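Remarks on the structure that follows.
Per chain, numbering begins at 1; letters A, B, ... match sequence-line order. Please read these numbers as outputs of a predicted model, since none were measured by experiment.
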Amino acid sequence: MRMSRMFGHTLREAPTEADSPGHALLLRGGYIDQLMAGVYSFMPLGHRVKRKIEQVIREEMDAAGAQEVTLPAIQPAELWDQTGRRAAMGAVLFQLTDRRDRALALGPTHEEVITRLFADHAVSYRDLPVTLYQIQTKFRDEARPRGGLIRVREFTMKDAYSFDADDAGLDVSYGAMFEAYRRIFARCGVPTVPVQADSGAIGGKGSQEFIFLTSIGEDTIILCDTCTYAANQEKAEFVRPAAVQAAPGAPQATTDIETPGVTSIEALAAFLGIEARQTAKAVFFMATRAATGETFPVFAVVRGDLDVNEVKLANALGDVELRPMLDAEVAQHGIVAGYASPVGLRADVRVVADLSLVDAPNLVAGSNRVGWHTRHVNYGRDWQAAVVADITSAQAGHGCARCAAEGRAGTLRAERGIEMGHVFRLDTTYTSKMDVTLQDAGGGQLTPTMGCYGIGVGRILAAAVEAHCDDAGIAWPAAIAPYDVHLIGLGLDRDAEAAADAEALYAELRAAGLEVLFDDRDERPGVKFNDADLLGMPVRLTVSSRNTKADVVEVKARLATEAESIARGGVVTHVRTQREQGIAACSVEAVEARARGR
RNA sequence: CGGGGCGUAGCUCAGUCUGGCAGAGCGCUGCGUUUGGGACGCAGAGGCCCGCGGUUCGAAUCCGCGCGCCCCGACCA
């Protein structure tokens, strides 16, 4: 491509909308353009990167035995009613009506469509196993798009769906996708860590996310410093710090103490001169059961040094949506905010206790009257919970549960990260809701078990830039760079010989199968060098009068500090070798080694 | 959905408080000089000052109502 003909210009200053270094570089380089909140165009350079990422994905999916399809983006809304997800998705689902007033939706994901397609065309166990995938535009009306290409409302996603006869089959399909994902992220130069994750609204029995660890991430990831345990904070298990045990003898009798104006755990601990873990903390929610629409109050109790984890709490209650209780509802249920107590609660309030409370004696809890707390509150003796479960979040410094189970001491740390891909064991969640059965080998019927596997193409692009850039610009991983080589011609309008040399080299490189961005513009050298650094092709070549006279070409890898002169005759081979080395550098081992080490 | 900020040239931003010719730098066009890390001179082009309504002799500027974008939070497959 001749730069003199390429659509789009580089910017010296980044538009103010840029909110990360990588996003700024993509905007400055003319890779992407924002049309509205969370909706982007990919300009020629950005489009090329996107296509290359898709190609990597396609190759790995095909190699894993998956078959590519294209599913409709526009779908009947009633399909979403069959699984109850039209309601579950809520406002995130883009909905519209056609001219006959039929309710439609723009696909945010395709479990329903693929399950229908599968049901229509698979008839017996002999059709299993099968994995189908597509690379498609998804639509999600996110409440708040952010982070450049990270959280957007229209985006390209690769989604794959596996169908198997049984759990053992699902394990094989899931494993194949998991390994393909590791290769995809590595080849694209994006370091990721697989972490245990909550399945969320998509349902199913367990899932793992591939996380790119970065300070601009929107998820909190918990990692062990000793073993390989890693999990999303929504899901992470941990060893609770020990409770302060009672002095020898039985739990003491409760006594009320006056605590004027003391409504937070910190204030309470300071006021009484005790630790936060010697207190009980209460948080109240309204829960709505998704299946029935039934609404009920929830009173969550955790030890004072821990925080309620809403995802875990919702899971402990089973298939509910939670929202914080309004002030009026708090009063209506006889709860005194700031001094709430699990002791003597009304029967219609569902009490859920964290595991940390069961063996923590003599805690200080609220008295359920303004200005008073109660000492020596004990679970079992003074109050009971409908559910006792893990409903608190792991935090940095907590113990690693896996290490503890295996007799080691591991300490957890917390980092920010972005979800690049997510693999789910859906089990028969969708096939049973949509009533899909196949004939089995024995003349009976079987309900296939599913897996689903997603990757955000735009997120890979954005993360690749965040992971590979410097102050001057982008440094693309070899496999996804828009062009393999950036060929700069200096002073070509003044030197016909150098101009002919540059043209010849441009042709030779292309004839050798390399993709070349040729800066043939009438610009000063500084402009060209700076644009080359900004745009970030892996290799830069410079042809100029003095190089042509010496029968050499200057070569510089994007991140190298110095250029080197090599004989004109060896340029094509040299570039090809550099490209191969660049691709080899993105091995699974090399990229994953980088992933945790940030 | 709650809180905050911002909408003026392709980009970055002055001008708004205190109403009175639509501005600067970069970028863009032409000519000339220059030419190895974002040159210089001369001459130009480019604006629904987010929109609508109001106040006023007069509104980018003041008032009201919208819309859009960004940030923090809530939410997030």
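Residue contacts shown for A:His422 are limited to sugar-phosphate atoms, with no base heavy atom under 4.0 Å away. Among the heavy atoms of the strands, none lies under 4.0 Å from A:Asp495. Using a 4.0 Å heavy-atom distance criterion, A:Arg153 is classed as making no nucleic acid contact. Within 4.0 Å (heavy atoms only), A:Asp219 reaches no atom of the nucleic acid at all. No contact: A:Glu209 has no heavy atom under 4.0 Å from any strand. Using a 4.0 Å heavy-atom cutoff across all strands shown, A:Pro324 reaches no nucleic acid atom at all. Here A:Ala14 lies in heavy-atom contact (under 4.0 Å) with sugar-phosphate atoms only.
Taking only distance into account, the side chain of A:Arg151 meets the base of B:C76 through a donor-acceptor pair shorter than 3.5 Å. For B:G10, its base never sits under 3.5 Å from the side chain of A:Asp33 at any donor and acceptor pair. With hydrogens and angles ignored, a donor-acceptor pair closer than 3.5 Å exists between the side chain of A:Glu554 and the base of B:G36. Judged by distance alone, with hydrogens and angles left aside, A:Arg28 brings no side-chain donor or acceptor close enough to the base of B:G27 to form a pair under 3.5 Å.
Annotation: B:C42 and B:A59 have their C1' atoms spaced 37 Å apart (nearest Å). Rounded to whole Å, the P atom of B:G46 lies 15 Å from the corresponding atom of B:A22. Going from the P atom of B:C65 to that of B:C28 covers 43 Å, rounded to whole Å. Taking the P atoms as reference points, B:G5 lies 22 Å from B:A9, given to the whole Å. With P as the reference atom, B:C6 and B:C17 are 15 Å apart, rounded to whole Å. Between B:C50 and B:U12, the distance separating the two P atoms is 15 Å to the nearest Å. Atom name C1', nucleotides B:G66 and B:C75: the rounded distance is 26 Å, in whole Å. Taking the C1' atoms as reference points, B:C70 lies 24 Å from B:G27, given to the whole Å.
No side-chain heavy atom of A:Phe94 sits less than 4.5 Å from a side-chain heavy atom of A:Leu96.
Comparing B:A74, B:C11, B:A77 by their closest approach to the side chain of A:Arg146 singles out B:A74. Here B:G38 is the nucleotide among B:G38, B:G25, B:A77 with the atom lying nearest to any side-chain atom of A:Asn530. Each of B:A77, B:C75, B:U12 was ranked by its minimum atom distance to the side chain of A:Met89; first place goes to B:A77. For A:Glu142, counting side-chain heavy atoms from C-beta on, the closest listed nucleotide (B:C76, B:A77, B:C11) is B:C76. Here the side chain of A:Arg546 is nearest to one of B:G36, B:G38, B:A77, namely B:G36. Taking every side-chain heavy atom of A:Glu17 into account, B:C70 is the closest of B:G37, B:C70, B:A77. The side chain of A:Lys556 has B:G37 as its nearest neighbour among B:U35, B:A39, B:G37. Between B:C70, B:A77, B:G36, one nucleotide has an atom nearer to the side chain of A:Ala37 than all others, and that is B:C70. Of the candidate nucleotides B:A74, B:G36, B:A77, B:G36 has the atom lying nearest to any side-chain atom of A:Ser544. Counting only heavy atoms from C-beta on, A:Glu13 has its side chain closest to B:U12 among B:G36, B:C69, B:U12.
The phosphate of B:C76 has neither OP1 nor OP2 within less than 4.0 Å of any side-chain N or O from A:Arg140. Proximity of A:Arg524 to the phosphate of B:G38: no side-chain N or O atom is located under 4.0 Å from OP1 or OP2. In terms of phosphate contacts, A:Arg144 brings a side-chain nitrogen or oxygen within less than 4.0 Å of OP1 or OP2 of B:C72. Note on A:Arg12: every side-chain N or O is 4.0 Å or more away from OP1 and OP2 of B:C11. Contact check, A:Thr16 against B:C6: no side-chain N or O comes under 4.0 Å of OP1 or OP2. Residue A:Ser199 has no polar side-chain atom (N or O) positioned under 4.0 Å from OP1 or OP2 of B:A77.
One interatomic measurement links the two molecules: CE of A:Met43 to P of B:G10, which rounds to 15 Å at whole-angstrom precision. Here B:G36 presents its P atom at 15 Å from CG of A:Asp519, a figure rounded to the nearest Å. Distance A:Asn232 CG to B:C75 C1': 14 Å, rounded to the nearest Å. The CG atom of A:Leu35 sits 16 Å away from the P atom of B:G10 (whole-angstrom rounding). One interatomic measurement links the two molecules: CG of A:Asp522 to C1' of B:U29, which rounds to 14 Å at whole-angstrom precision. In this entry the distance linking CZ of A:Arg416 with C1' of B:C76 reads 13 Å, nearest Å. Distance CG (A:Asp470) to C1' (B:G37): 14 Å, rounded to an integer number of Å. Summarising the geometry, the separation between CD on A:Gln34 and P on B:C71 is reported as 9 Å, rounded to the nearest angstrom.
Looking at A:Trp80 and A:Gln75, their side chains do bring a donor and an acceptor atom within 3.5 Å of each other. In summary, the side chains of A:Ser20 and A:Glu466 do present a donor paired with an acceptor at a separation below 3.5 Å, with no hydrogens or angles considered. No donor-acceptor contact under 3.5 angstrom links the side chains of A:Tyr161 and A:Thr115, judged on distance only. Between the side chains of A:Asp307 and A:Ser393, no donor N or O sits under 3.5 Å from an acceptor N or O.
In this structure, A:Arg425 satisfies the cation-pi test against A:Tyr174, with its NZ or CZ atom closer than 6.0 Å to the six-membered ring centre and inside 45 degrees of the ring normal.
The partner of B:G47 is absent, by the rule that a Watson-Crick or G-U pair needs both atom distances under 3.5 Å. Across every strand in view, B:G68 sits in a pair with B:C6 that passes the Watson-Crick or G-U test at under 3.5 angstrom. B:G58: no Watson-Crick or G-U partner with both key distances under 3.5 Å is found in any strand. In this structure, B:G19 forms no base pair with any nucleotide, since neither Watson-Crick nor G-U wobble geometry is met with both distances under 3.5 Å. As the counterpart of B:A14, no nucleotide is assigned, since no Watson-Crick or G-U wobble pattern has both distances under 3.5 Å. Look at B:C75: it lacks any Watson-Crick or wobble partner with both distances under 3.5 angstrom. The base-pairing partner of B:C31, taking Watson-Crick or G-U wobble contacts with both distances under 3.5 Å, is B:G41.
Of the two residues near RNA chain B, A:Glu234 and A:Ser545, the one whose nearest nucleotide lies more 5' is A:Ser545. Comparing A:Gly147 and A:Glu321 along RNA chain B, the residue whose closest nucleotide (by nearest heavy atom) sits nearer the 5' end is A:Gly147.
Taking the six-membered ring for Trp and thresholds of 30 and 60 degrees, A:Tyr40 and A:His23 have ring planes more than 60 degrees apart, a perpendicular arrangement. Ring orientation note: the planes of A:Phe185 and A:Tyr181 are nearly perpendicular, at an angle over 60° on the 30°/60° scale.
The two residues A:Thr542 and A:Val553 have their closest heavy-atom pair at O-CG1, 3.6 Å.
A:Lys138 pairs in a side chain to side chain donor-acceptor pair (under 3.5 Å) with only one of the listed residues (A:Thr156, A:Asp159, A:Thr109), which is A:Asp159.
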